Amino acid sequence: MDPTDTAPDSWEQEEDGEAPAAAAELPSAFAALNVNAKPFVPNVNAPVFVPSFLQTSAVEIPASDGRSAPDSRLEVSLTPPVENGATEADMTTEEETWEQKEEQKEEPGGGGGGGGQEDLGGGGDEEMMEEEEEEMPMPKVAPAPPDAPKKEHVNVVFIGHVDAGKSTIGGQIMYLTGMVDKRTLEKYEREAKEKNRETWYLSWALDTNQEERDKGKTVEVGRAYFETEKKHFTILDAPGHKSFVPNMIGGASQADLAVLVISARKGEFETGFEKGGQTREHAMLAKTAGVKHLIVLVNKMDDPTVNWSLERYEECKEKLVPFLKKVGFNPKKDIHFMPCSGLTGANLKDPFFPNIKECQSYLNFSDLSNRMCLQDMGTVILGKLESGCISKAQQLVMMPNRHTVEVLSLLSDDVETDDAGPGENLKLRLKGIEEEEILPGFILCSPDNLCHSGRTFDAQIVIIEHKSIICPGYNAVLHIHTCIEEVQITALICLVDKKTGEKSKTRPRFVKQDQVCIARLRAAGVICLETFKDFPQMGRFTLRDEGKTIAIGKVLKLVPEKD
């Protein structure tokens with residue numbers, strides 16, 4: 001038997017003292033710098049775009065100037081974020097998460113961390129010419145002057161159950177920030193109305209794939225971006241259908257901030273939140289991916305079944321807060337609730353924009369070794385730079401196949417640049433490697449400090465949901481950073497007490513739901529990974545089986561392969 005498959009009888013035999021108990025703060029974008037050149041400033045005070053089919057509607061849209069609606073209605077112009085509804089007892093009895101425990105011990109040593117517009121012209125040469133004359137291009141963020149300092153990059157992922165309104169809200173935000181003009185939206189509205197899909201037109205700003213537009217369901221992670229005076233925001237629109245959870249995990253792994261969109265419409269909230277709904281799974285996966293802060297948008301408040309009811313809003317909050325707390329979010333510091341209507345734009349200008357603009361800045365990891373997790377392949381590779389800096393003509397190494405490559409061109413959110421820093425979403429054209437030699441989950445590294453790669457590792461695992469017991473020999477699908485690989489649990493080393501962290505002295509024969517264990521895992525192929533303590537973004541993972549998330553975990557130790 002391969003010695004790497006034989007785990008020690010006790011974790012203490014190979015580890016001095018206790019295993020690292022928890023997760024570190026997810027680093028992403030570096031500190032914001034003052035920009036000397038005149039920056040693009042989103043027009044957040046622009047009038048809300050109301051579709052033509054709602055302009056004569058009897059449903060009242062609350063004013064955004066702070067005037068109160070009747071007692072039964074919800075006051076939606078909230079300058080400060082809505083209080084989260086957690087009781088004082090909830091705050092004091094809250095269990096420490098991995099991340100909170102890790103912060104008490106020490107600061108982590110490692111770094112953590114477009115979709116284009118389709119030509120939708122009609123048939124016939126004359127119609128095409130008319131459309132070309134009418135269509136206005138989507139505004140692009142102008143490249144900054146060469147001497148201008150870099151802005152802080154913040155990646156915002158929109159998550160939630162299918163049909164909660166994620167893409168619609170994303171399209172509304174793009175309109176409010178000037179990234180999509182009114183004429184383009186009116187064009188989308190006309191075309192959507194022709195297909196009897198008149199309420200879907202806003203989502204078309206992000207769902208550019210024709211199949212997505214026809215079915216009204218996001219499949220791939222949509223991308224868009226906008227800028228403020230000090231920050232550059234990338235919107236990641238994750239799919240909500242359970243069939244596309246792997247794509248959602250890929251989007252969440254790139255995010256610094258998550259926006260959980262839920263529908264207040266009668267029946268829709270309950271469907272998304274009940275067991276098996278994507279509201280629960282997405283929140284858990286976002287936390288596992290390292291997202292520390294969560295904005296919960298209670299959408300569709302203008303629906304006739306809701307009509308801006310404060311009672312309905314509070315009902316959704318009361319059900320969500322205990323679950324989000326159990327997942328690991330601190331209700332007092334990490335979560336902000338706010339009501340909105342994505343279709344009309346009500347309550348998105350204020351307080352949503354001030355909230356994301358004032359989101360916490362992260363640490364600067366530009367002085368660490370390069371780690372770029374590759375997300376999508378092709379003639380141009382796409383990924384997020386987690387740490388270090390990349391510039392044109394730089395020599396890098398592609399792991400785990402150890403190919404030396406050279407950066408020929410570099411684009412940050414579709415804008416060509418000479419160099420890039422942590423947190424930026426990049427498109428690279430490389431020299432020295434063929435397209436078929438690159439796979440999602442590969443890592444671009446500095447030649448003088450390569451990332452670790454291998455097949456066998458020890459990890460602490462929390463069993464979230466599994467009907468039967470899990471024994472050595474169990475197979476599942478591993479999702480770690482942007483890598484997806486089949487993995488087998490080859491040995492169970494010990495159980496870990498969830499409250500005290502104490503490890504059992506005897507080796508368990510099996511583990512079951514709600515238990516925590518340390519196990520040895522072996523991947524089917526060589527993968528890139530780091531210990532959670534050294535590099536959190538490459539050391540946290542999810543295990544899935546039969547379309548469900550069954551466990552989350554963190555890498556404790558890399559086991560060297562036998563020559």
Side-chain angles (χ1 to χ4, degrees), residues 23 26 28 110-113 155 157 220-221 236 238 244-255 285-286 288-291 369-378 381-387 396-403 405 425-426 428 430 433 435-445 450-461 475-490 519-532 534-545 547 549-559 561:
L26 168 67
S28 67
N155 298 288
V157 64
E220 300 291 338
V221 176
L236 302 169
F244 309 117
V245 168
N247 293 346
M248 176 268 163
I249 294 175
S253 68
Q254 304 172 62
L285 291 172
T288 306
V291 173
S369 298
N370 288 338
R371 294 289 187 271
M372 178 174 170
C373 301
L374 304 188
Q375 177 80 20
D376 195 13
M377 306 302 111
I381 63 170
L382 172 67
K384 178 185 176 185
L385 183 59
E386 298 291 351
S387 64
L396 298 170
V397 176
M398 181 76 71
M399 292 292 287
N401 57 14
R402 297 179 181 268
H403 275 91
V405 298
N425 294 285
L426 305 178
L428 303 181
L430 302 176
I433 193 170
E435 180 181 336
E436 58 269 15
E437 295 177 308
I438 310 174
L439 294 174
F442 280 18
I443 305 292
L444 273 179
C445 311
L450 300 179
C451 72
H452 291 90
S453 62
R455 296 177 61 188
T456 308
F457 59 96
D458 292 347
Q460 181 171 313
I461 303 172
N475 293 298
V477 177
L478 171 77
H479 294 258
I480 182 166
H481 53 87
T482 57
C483 177
I484 304 176
E485 187 68 61
E486 186 175 348
V487 71
Q488 182 180 86
I489 297 178
T490 61
R520 180 154 293 184
L521 295 88
R522 185 170 175 82
V526 177
I527 61 174
C528 297
L529 74 169
E530 301 281 0
T531 63
F532 182 83
D534 291 340
F535 204 107
Q537 191 65 358
M538 291 180 61
R540 55 169 67 95
F541 62 86
T542 302
L543 293 179
R544 288 177 58 80
D545 187 21
T549 300
I550 60 123
I552 59 176
K554 56 180 181 177
V555 178
L556 300 180
K557 177 184 175 183
L558 308 176
V559 180
E561 297 292 323

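Because the structure is a prediction, the values reported are computed rather than measured.
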Give me the atom names and distance for the closest heavy-atom approach of [X] to [Y].
| X | Y | answer |
| --- | --- | --- |
| Ala524 | Glu485 | CB-OE2, 3.6 Å |
| Ile443 | Cys528 | CG1-CB, 3.5 Å |
| Ala286 | Met248 | N-CE, 4.4 Å |
| Glu386 | Cys373 | CG-SG, 4.0 Å |

Within the 4.5 Å heavy-atom criterion, are [X] and [Y] side-chain neighbours or not?
| X | Y | answer |
| --- | --- | --- |
| Pro440 | Thr482 | no |
| Phe532 | Gln460 | no |
| Arg520 | Asp458 | yes |
| Phe535 | Ser387 | yes |
| Val487 | Ile527 | no |
| Arg402 | Leu450 | yes |
| Asn425 | Lys384 | yes |
| Val526 | Glu561 | no |

task: Please test Val405 against Leu444 for side chain to side chain contact (heavy atoms under 4.5 Å, CB included), starting from the C-alpha separation and ending with a verdict.
output: CA-CA 9 Å; Val405 298; Leu444 273 179; 3.8 Å; yes

What's the separation between atom [atom1] in [X] and atom [atom2] in [Y], rounded to the nearest 0.5 Å?
| X | Y | atom1 | atom2 | value |
| --- | --- | --- | --- | --- |
| Ser453 | Met399 | OG | CE | 4.0 Å |
| Arg540 | Thr288 | CZ | OG1 | 8.5 Å |
| Ile249 | Thr549 | CD1 | OG1 | 5.5 Å |
| Met372 | Leu382 | CE | CG | 7.0 Å |
| Leu529 | Phe541 | CG | CZ | 9.5 Å |
| Thr456 | Gln488 | OG1 | CD | 10.5 Å |

- prompt: Only one of Ile461, Thr490, Leu478, Val555 forms a side-chain contact (heavy atoms from CB on, under 4.5 Å) with Leu521, so which one is it?
  reply: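 Only one option passes, and that is Ile461.
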
message: Can a donor-acceptor pair be found, under 3.5 Å and without considering hydrogens, that links the side chain of His403 to the backbone of Glu437?
response: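 Not confirmed, His403 side chain does not pair with Glu437 backbone.
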
- prompt: Between Glu530 and Pro536, is there a donor-acceptor pair closer than 3.5 Å when you use the side chain of the first and the backbone of the second?
  reply: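 Not at all, since once roles are kept as given, no pair shorter than 3.5 Å links the two residues.
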
- request: Kindly determine whether Asn401 and Ile433 satisfy side chain to side chain contact (heavy atoms under 4.5 Å, CB included), including the steps that lead there.
  value: CA-CA 10 Å; Asn401 57 14; Ile433 193 170; 4.2 Å; yes

